[in-house]
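Note: hydrogens, waters and symmetry copies are ignored here, and every other heavy atom, side chains too, is used. One-based numbering, in listed order, for ligands and for the atoms of each. Residue numbers start at 1 and run along the sequence shown.
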Amino acid sequence: MTGAPTAGRTPGPAAVLCGLGGWLPPKVVTNEELVARLDTSDEWIRTRTGIRQRHVIEPGMSTGSLAVEAGARALKSAQQDSVGAVVLATTTPDRPCPATAPEVAARLGLAGVPAFDIGAVCAGFVYALATGAGLIATGTADDVLVIGADAYSTLLDPEDRTTGPIFGDGAGAVVLRRGEPDEPGALGGFDLGTDGHLSDLIEVPAGGSRQRGSGVPAGPRDHYFAMQGKQVFRHAVLRMTGSVHKAVGRAGWTVAGIDRLAAHQANSRILDALTDQLELPRERALSNIDRVGNTAAASVPLLLADSVNEGSLRAGHSVVLTSFGGGLAWGSTTLRWPQLDAV
Ligand code: UT7
């Protein structure tokens with residue numbers, strides 16, 4: 001057999017991160033506001049999840065509008081007004097059909113370029129990064145705008161205290177350009193994986209072809225997001241730990257040499273368990289979960305933007321990105337953080 005790429009190694013030119021932006025809708029919902037309508041407490045939410053508040057969209061906004069704001073900021077940070085492709089990670093598209101990315105691209109003045117959605121739930125951004133890197137490696141595009149955007153507030157059961165406090169809306173984006181593997185910002189190899197045997201642990205039961213094709217109308221709560229939290233927690237720690245080890249190995253790094261861990265922000269206790277499993281000092285894990293909650297596909301790029309803006313992520317840091325979510329799906333990659341401004 002000839003020509004088969006070695007697993008985890010990106011053939012061809014590298015994809016180099018050269019722009020970054022994040023955006024949150026202005027409306028904030030505090031824990032106190034949730035306590036007024038759900039059987040919960042600020043103390044439970046803070047101690048069990050680390051979340052103090054989350055941002056949510058208001059009427060007239062959507063995942064697409066979040067993506068446009070974050071995408072515009074990433075382009076500005078890259079000092080570019082065009083790219084060769086747009087990849088949008090989301091599981092809350094504006095409509096079931098068509099994909100949201102073409103309209104986002106058009107609103108950014110990028111009509112004409114390839115633009116499509118990637119659905120890997122909370123792992124979506126790392127999958128979209130891998131896809132963007134692939135577009136560059138194959139020569140399909142010289143630069144790619146990769147966006148993670150979600151509006152989970154639109155999927156939440158207003159009476160479910162187990163999901164209501166956790167999720168928030170937002171978007172983050174990066175620009176990737178063609179470059180050299182040893183440049184700051186060059187993405188290392190990817191570790192990606194799924195376990196579809198466990199697809200029922202995180203789901204929206206209705207609205208897809210399975211429910212529609214059955215001819216049985218959806219139940220009253222079937223359009224809402226549902227999660228078996230305890231099991232998901234366990235798998236999140238297990239899978240992200242394994243995936244970080246693999247991505248770090250592919251980069252030729254050691255886990256101890258990770259300066260910053262940019263992990264999906266699902267629960268502060270998951271972050272603590274993950275750093276403990278990796279035997280990393282907890283302060284190496286970047287975190288903004290207290291302010292934004294779990295923003296699904298937006299989580300990792302929003303975290304990067306917030307961390308650059310507050311100075312906890314700086315040029316030269318060796319960074320591992322890792323994420324986990326419904327599917328089950330997980331993924332990780334590495335990069336040496338480049339000199340750039342988030343906006
Ligand atoms: O982004 C995709 C990946 N997602 C994740 O990784 C999420 C992973 N899961 C989690 O973060 C956690 O499992 C949750 C935050 C969802 C739940 O925390 P937990 O510590 O696993 O709680 P639990 O489900 O075991 O529930 C413990 C108790 C239960 O009461 P009993 O049975 O012990 O009396 C729940 O009914 O806490 C109760 N509970 C609540 N109490 C007050 C559950 N939700 C709430 C709430 N307020 N909001």
Could you go step by step and tell me if D259 and R314 meet the salt bridge (charged side-chain N to carboxylate O under 4.0 Å, His left out) rule?
CA-CA 10 Å; D259 294 318; R314 297 183 294 279; over 6 Å; no
Run the side-chain hydrogen bond (donor to acceptor under 3.5 Å, both in side chains) check on T30 and E33 step by step: do they pass?
CA-CA 5 Å; T30 62; E33 287 168 81; 3.1 Å; yes
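Counted by atom type alone, T92 and D150 present one or more donor-acceptor pairs between their side chains at under 3.5 Å. A donor-acceptor pair shorter than 3.5 Å can be found between the side chains of D94 and S62. In this structure, a donor-acceptor pair under 3.5 Å is present between the side chains of Y152 and T91. A donor-acceptor contact closer than 3.5 angstrom is absent between the side chains of T49 and N267. Counted by atom type alone, T100 and T63 present zero donor-acceptor pairs between their side chains at under 3.5 Å. Between the side chains of S287 and Q265, at least one donor N or O sits under 3.5 Å from an acceptor N or O. A side-chain donor from one of S153 and D169 sits under 3.5 Å from a side-chain acceptor of the other. S41 and E43 share no donor-acceptor pair across their side chains, judged by distance under 3.5 Å alone.
Note that atom 27 (C) of ligand 1 has no protein non-hydrogen atoms nearby, at separations under 4.0 angstrom. The presence of a protein heavy atom under 4.0 Å from atom 33 (O) of ligand 1 is ruled out. For atom 19 (P) of ligand 1, the nearest protein heavy atom is under 4.0 Å away.
Numbered from 1 in the order shown, with element, the atoms of ligand 1 that lie under 4.0 Å from a heavy atom of K230 read 13 (O), 21 (O), 25 (O). Set against the non-hydrogen atoms of N294, the atoms of ligand 1 under 4.0 Å away are 1 (O), 2 (C). Listed by atom number, the atoms of ligand 1 under 4.0 Å from P165 heavy atoms are 48 (N). The contact set between ligand 1 and R269, taken as ligand atoms under 4.0 Å from a residue heavy atom, comprises 18 (O), 19 (P), 20 (O). Of all the atoms in ligand 1, the ones that sit under 4.0 Å from a non-hydrogen atom of R48 are 20 (O). Of all the atoms in ligand 1, the ones that sit under 4.0 Å from a non-hydrogen atom of T49 are 15 (C). Heavy-atom proximity to T40, at under 4.0 Å, picks out these atoms of ligand 1: 42 (C), 46 (C), 47 (N), 48 (N). Interface of H264 with ligand 1, defined as ligand atoms under 4.0 Å from a residue heavy atom, comprises 1 (O), 2 (C).
Nearest non-hydrogen protein atom to atom 39 (N) of ligand 1 is W44 CZ2, 3.5 Å. Ranking the protein heavy atoms by distance from atom 16 (C) of ligand 1 puts I166 CD1, 3.4 Å first. The protein atom (non-hydrogen) at minimum distance from atom 10 (C) of ligand 1 is N267 ND2, 3.6 Å. For atom 4 (N) of ligand 1, the closest non-hydrogen atom of the protein is V232 CG1, 3.5 Å. Shortest contact from atom 2 (C) of ligand 1 to any protein heavy atom: C122 SG, 3.4 Å.
Linking Ile, Leu, Val, Met, Phe, Trp and Tyr whenever their side-chain heavy atoms come within less than 4.5 Å leaves L321 and L271 in two separate clusters.
If you look at I270 next to ligand 1, the close heavy atoms, those under 4.0 Å, all belong to the side chain. Counting heavy atoms under 4.0 Å from ligand 1, residue L38 does not touch it at all.
Below 3.5 Å of separation, one finds an N or O of R161 facing an N or O of ligand 1. For ligand 1, one of its N or O atoms has an N or O atom of G229 under 3.5 Å away.
Using modelled atom types, one side-chain atom of R284 and one backbone atom of I258 make a donor-acceptor pair closer than 3.5 Å.
Within the 4.0 Å heavy-atom cutoff, H235 does not count among the residues contacting ligand 1.
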Contacts table for residues 231-238: side-chain donor-acceptor under 3.5 angstrom, sequence neighbours left out:
from	atom 1	to	atom 2	distance (Å)
Q231	NE2	Q228	OE1	3.3

